[in-house]
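First the structure, in the form of structure tokens, and then the observations on it.
Chain A is the first sequence line, chain B the second, and so forth, proteins listed ahead of strands; every chain is numbered from 1. Heavy atoms only: backbone and side chains are in, while hydrogens, waters and symmetry mates are out. Remember, predicted model here, so these are calculated numbers, not experimental data.
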There are 2 protein chains.
Amino acid sequence: MSSPRATAAAPTTASTIDSATVSATPDKRPPAAERVYAHVKEAVLGRRYEGGMLLTEGELADAVGVSRTPVREALLRLEVEGLLRLYPKKGALVLPVSVQEIGDVVETRLLVEEHAARRPAGPALIAELAELLDRQRELAEAGDLAQVARVDRCFHATLVRSTGNEILTRLYDQLRDRQLRMGVAVMHAHPGRIAQNIAEHGEILDALRAGDADAAVAAVHRHVGSVRALLRGDVR
Amino acid sequence: MSSPRATAAAPTTASTIDSATVSATPDKRPPAAERVYAHVKEAVLGRRYEGGMLLTEGELADAVGVSRTPVREALLRLEVEGLLRLYPKKGALVLPVSVQEIGDVVETRLLVEEHAARRPAGPALIAELAELLDRQRELAEAGDLAQVARVDRCFHATLVRSTGNEILTRLYDQLRDRQLRMGVAVMHAHPGRIAQNIAEHGEILDALRAGDADAAVAAVHRHVGSVRALLRGDVR
DNA sequence: TGCGCACACCTTAGATACAACAGCGTGCCG
DNA sequence: CGGCACGCTGTTGTATCTAAGGTGTGCGCA
């Protein structure tokens, strides 16, 4: 634990020039500080770092095999995203999911998505959404739950992106990340939920196709509403 | 526009800091890295660092009188807030305000504020807003434009905060910051605007008092709409 | 004269070293 | 026996140092 410096992580120690430059190293350098960010984020979202846990820069530095400097960077970004809270001289607290947070996330999602659904949808958008929906159906039949969830998220993200508003798009992505912490097992726990999910997507798409803004908003409202119900039940 | 190199040496009007930091005050220390954040943010919002300018860590470190490490931290935060864009090995670009950004900010403001206005307002909220409006009237008569702007912002922020949604509250604050870059001189350039602003606030408050959600939303819509018109005209 | 290559400078990226601070336990003193 | 104070430990905050990357410029060569 207390080994201060990374001893193992030396992929670039290959001193022989030729081998290093040409073929031996398959360019194994995902931007360093990014690794920490990805590591922590994944761990927090995947609940491997549980809420209430206190992370320290040193620990993470060891765990990922870098120094504290990039760790700091990553922690800062994650705090802005609302996953951590940095305490001045104590460490980084993994924020526990609160009822407040769940409510806020869902309310904001609803606000953004309804806004997106209210706008008239062009043919390109409709085609894109239709394809995503098809894909989701296939994956659901194949039983690939993880992929289903991915496409589900993509469906919504596409809708939001269609507003052309970068602020909302970025915000929405963050919301989905935070929501990930709340309901990872939702789909898994309720297999029937997948069919309902797809059906609701279909309703949204149909309303958009028909150019009926009110219906689209209503469909989104129902859809997010049912997600909220699931999350409420999933609070621990 | 195309000036490639940063000519940012001059704007260090805050050079008085160093004298303050060293000896003048014995036990006074505003959180260190925060100073850089405040410095840069203020400079960017106040347009002393103009859009398109390329800041370097070293310059800022010198300017504020700290090392590059806290500068890095500040720059990172500011990038997330959308004021800067960090280019991998070049520096921090002060993002120029674009038409796209103006549109996005106003659209998002509108979305959030309308949402807030739609909710029924309790007596406490109404009282608070009424007091702010009064204060604004007084300040306007006294001719204190800066304070008027401050209270104006507070009025809206209070309304948004009344939703109890922390995500929206934080978002809204950021939006107002970004808007600051776009229309600092708006109020000053159009003195008659102040009266209109106060009148529009009054409309919002009245609608909330009456519990008429639709009217409140409409009033907010008009208000933000007129702000948008001003900003459009203020684009340079 | 024009093109290309190489070097030099300026930048960030990351690592490490150092200082200050907070919390806490223990031991001393009343 | 209780309270206070001191010091120890673990943490972040900051500074400095080294490596690597990129860009522009200038020189050499065709």
Separation of D:dG22 atom P from B:L54 atom CG, nearest Å, is 16 Å
Rounded to whole Å, the OH-P distance (B:Y87 to D:dT23) equals 12 Å
B:R68 CZ to D:dA19 C1', in whole Å, measures 12 Å
Considering only heavy side-chain atoms of B:S67, the closest of C:dG14, D:dT16, C:dT12 is D:dT16
Using a 6.0 Å cut-off, check whether atom CD of B:Q100 has over 12 heavy atoms from anything other than its own residue.
yes
Whole-Å distance, B:E57 CD to D:dA15 P, equals 13 Å
Exercise for the section: May I ask you to say whether B:R153 pairs ionically with B:D173, meaning some side-chain N is under 4.0 Å from a carboxylate O? Expected result: yes
Of the listed C:dG14, D:dA15, C:dT12, the closest approach to the B:V66 side chain comes from D:dA15
Whichever of A:T69 and A:L75 has the more 5' nearest nucleotide on DNA chain D, that residue is A:L75
Result for 5'-nearest mapping on DNA chain C, choosing between A:K89 and A:P31, is A:P31
From CG of A:L84 across to C1' of D:dT12 the rounded distance in Å is 15 Å
Side chains of B:H115 and B:N165: any donor to acceptor distance under 3.5 Å?
no
Taken to the nearest whole Å, CG/A:L86 to P/D:dT11 is 14 Å
Out of D:dG22, C:dG14, D:dA15, minimum distance to the side chain of A:A32 belongs to C:dG14
From CD of A:E59 across to P of D:dT9 the rounded distance in Å is 19 Å
Angle class for the B:H156/B:H223 ring planes (parallel below 30°, perpendicular above 60°, tilted otherwise)?
parallel
In whole angstroms, the gap separating C1' of D:dA20 from NZ of B:K90 amounts to 17 Å
